[in-house]
Amino acid sequence: DPEAAREALAAVGAAVDAVVALDVAAPGAAARALEPARPAAVFNAVGYGVDRAERDPELARRLNAELPAELVEAVAAHRDPAWAGTALVHVGSALEYGEIGGDLREDSEPDATTLYGATKLAGTRALARAAACCGLPALTARLFTVYGPGEHAGRLLPSLLAAAGGDAELPLTAGTQQRDFTWVGDVAEGLARLGLRRCEPGWVVNLATGRLTTVRAFVEAAAAALSIAPGRLGFGALPTRTEEMSHRPVNVERLRAALGWTPPTDVAAGVRLARDFAADAG
């Protein structure tokens, strides 16, 4: 809904020139939208497969694997040549790494094992090839466990927000799995910072905190912020998902070297920000 998008952007202080509804799955749609806009930089946050209901392999291939290279060609043809920063910032995923473990350095050899991870990895590689061919400064920023406003219903934090004020027990996994939880506001800032610096064609960078937190610790921090009684937290009631990744703290040296910055918001502060945002929106 373009009007709803305009209102949402204006509500957070954005100056909106135009909101265009676009079927990005349609071949050539991106180029047709970019030609009149002549953008300085494009941020591609299109992705299919984060929601558990999104399981169409053809749509995953189209949006995750094919679209990034098409965007490279469209941006190269229609961008503002005066822009000195990165022309295309593409949002990638931690699941591109798959089961390789370790600290997930950007120059490691990924082994994606899920539909989402494999198609996102194909998109990252296609973007790199296309960017190298036309010399476009374009990068992939691999995100990890992003939390905050805009998450799909049913994910961890939205479930906790929905449960606040009730009295039923919340079924949870044991919570021993560790994740790099990154506040969505820090992700937005990181993407903007990456767009402001010029990168080599096809560059890849981890956009994460470099700190691991157990799911249990995240839930306990959220429960404290949301006044959910500890006795309602049913740890161990659900099985851990088979696709959970296991790795050491994410390597963010490339991000730090490029920007002199890494996402600063810790889990407790991020949960409080999400709580306040939900209260204001409600």
| said: Going by side-chain hydrogen bond (donor to acceptor under 3.5 Å, both in side chains), Glu96 matches just one of Thr124, Thr119, Asn64. Which one? | reply: Thr124
| Considering the options Thr209, Thr213, Asn206, which one meets the side-chain hydrogen bond (donor to acceptor under 3.5 Å, both in side chains) requirement together with Asp180? | Thr209
Is a side-chain N or O of [X] found less than 3.5 angstrom from the main chain of [Y], in a donor-acceptor match?
| X | Y | result |
| --- | --- | --- |
| Arg62 | Ala25 | yes |
| Arg232 | Gly166 | yes |
| Lys120 | Val91 | yes |
| Tyr48 | Asp56 | yes |
| Glu151 | Gly148 | yes |
| Arg254 | Val204 | yes |
| Ser108 | Leu104 | no |

What is the distance from atom [atom1] of [X] to atom [atom2] of [Y], rounded to the nearest 0.5 Å?
| X | Y | atom1 | atom2 | answer |
| --- | --- | --- | --- | --- |
| Glu200 | Leu136 | CD | CG | 11.5 Å |
| Arg193 | Leu259 | CZ | CG | 6.5 Å |
| Asn44 | Leu71 | CG | CG | 5.0 Å |
| Asp80 | Arg38 | CG | CZ | 7.5 Å |
| Arg275 | Leu226 | CZ | CG | 7.0 Å |
| Glu73 | His78 | CD | NE2 | 10.5 Å |

Can you find a heavy atom in the side chain of [X] that is under 4.5 Å from one in the side chain of [Y]?
| X | Y | answer |
| --- | --- | --- |
| Leu196 | Thr86 | no |
| Leu115 | Pro57 | yes |
| Val187 | Leu207 | yes |
| Thr140 | Val205 | no |
| Arg79 | Pro137 | yes |
| Asp103 | His247 | no |
| Pro149 | Val184 | yes |
| Leu139 | Leu194 | yes |

| message | Tell me which one of Thr214, Leu212, Val215 satisfies side-chain contact (heavy atoms from CB on, under 4.5 Å) with Phe181. | response | Val215
Is it the case that more than 12 heavy atoms not belonging to [X] sit under 6.0 Å from its [atom1] atom?
| X | atom1 | value |
| --- | --- | --- |
| Arg241 | CZ | yes |
| Glu253 | CD | yes |
| Arg61 | CZ | yes |
| Asp107 | CG | yes |

Cluster overlap [X] with [Y], hydrophobic side-chain contacts below 4.5 Å:
| X | Y | value |
| --- | --- | --- |
| Leu157 | Leu238 | no |
| Leu88 | Trp203 | no |
| Val24 | Val75 | yes |
| Leu67 | Val89 | no |
| Ile100 | Phe144 | yes |

| message | Are Tyr147 and Phe218, when compared by the centres of their aromatic rings, separated by less than 6.0 Å? | response | yes
Ignoring hydrogens, what is the shortest heavy-atom contact between [X] and [Y]? Give both atom names and the distance.
| X | Y | result |
| --- | --- | --- |
| Ala40 | Trp83 | O-CD1, 3.1 Å |
| Pro201 | Ala132 | CB-N, 3.9 Å |
| His152 | Val50 | CD2-CG1, 4.0 Å |
| Pro27 | Glu70 | CA-OE1, 4.4 Å |
| Pro239 | Thr173 | O-CG2, 3.4 Å |
| Thr145 | Arg155 | CG2-NH2, 4.5 Å |

| said: Quick one, Phe235 with Arg216, criterion side chain to side chain contact (heavy atoms under 4.5 Å, CB included). Give me CA distance, side-chain angles, the key distance, then yes/no. | reply: CA-CA 8 Å; Phe235 291 111; Arg216 182 173 187 129; 3.4 Å; yes
| field | cation_pi(Arg142, Tyr97) dist<6.0 Å, angle<=45 | value | yes
| query | Is the cationic atom of Arg197 (NZ for Lys, CZ for Arg) positioned less than 6.0 Å from the six-membered ring centroid of Trp261 and within 45 degrees of its normal? | reply | no
| query | When you look at Leu95 and Leu121, which way does the side chain to side chain contact (heavy atoms under 4.5 Å, CB included) test go after all the steps? | reply | CA-CA 8 Å; Leu95 288 175; Leu121 177 59; over 6 Å; no
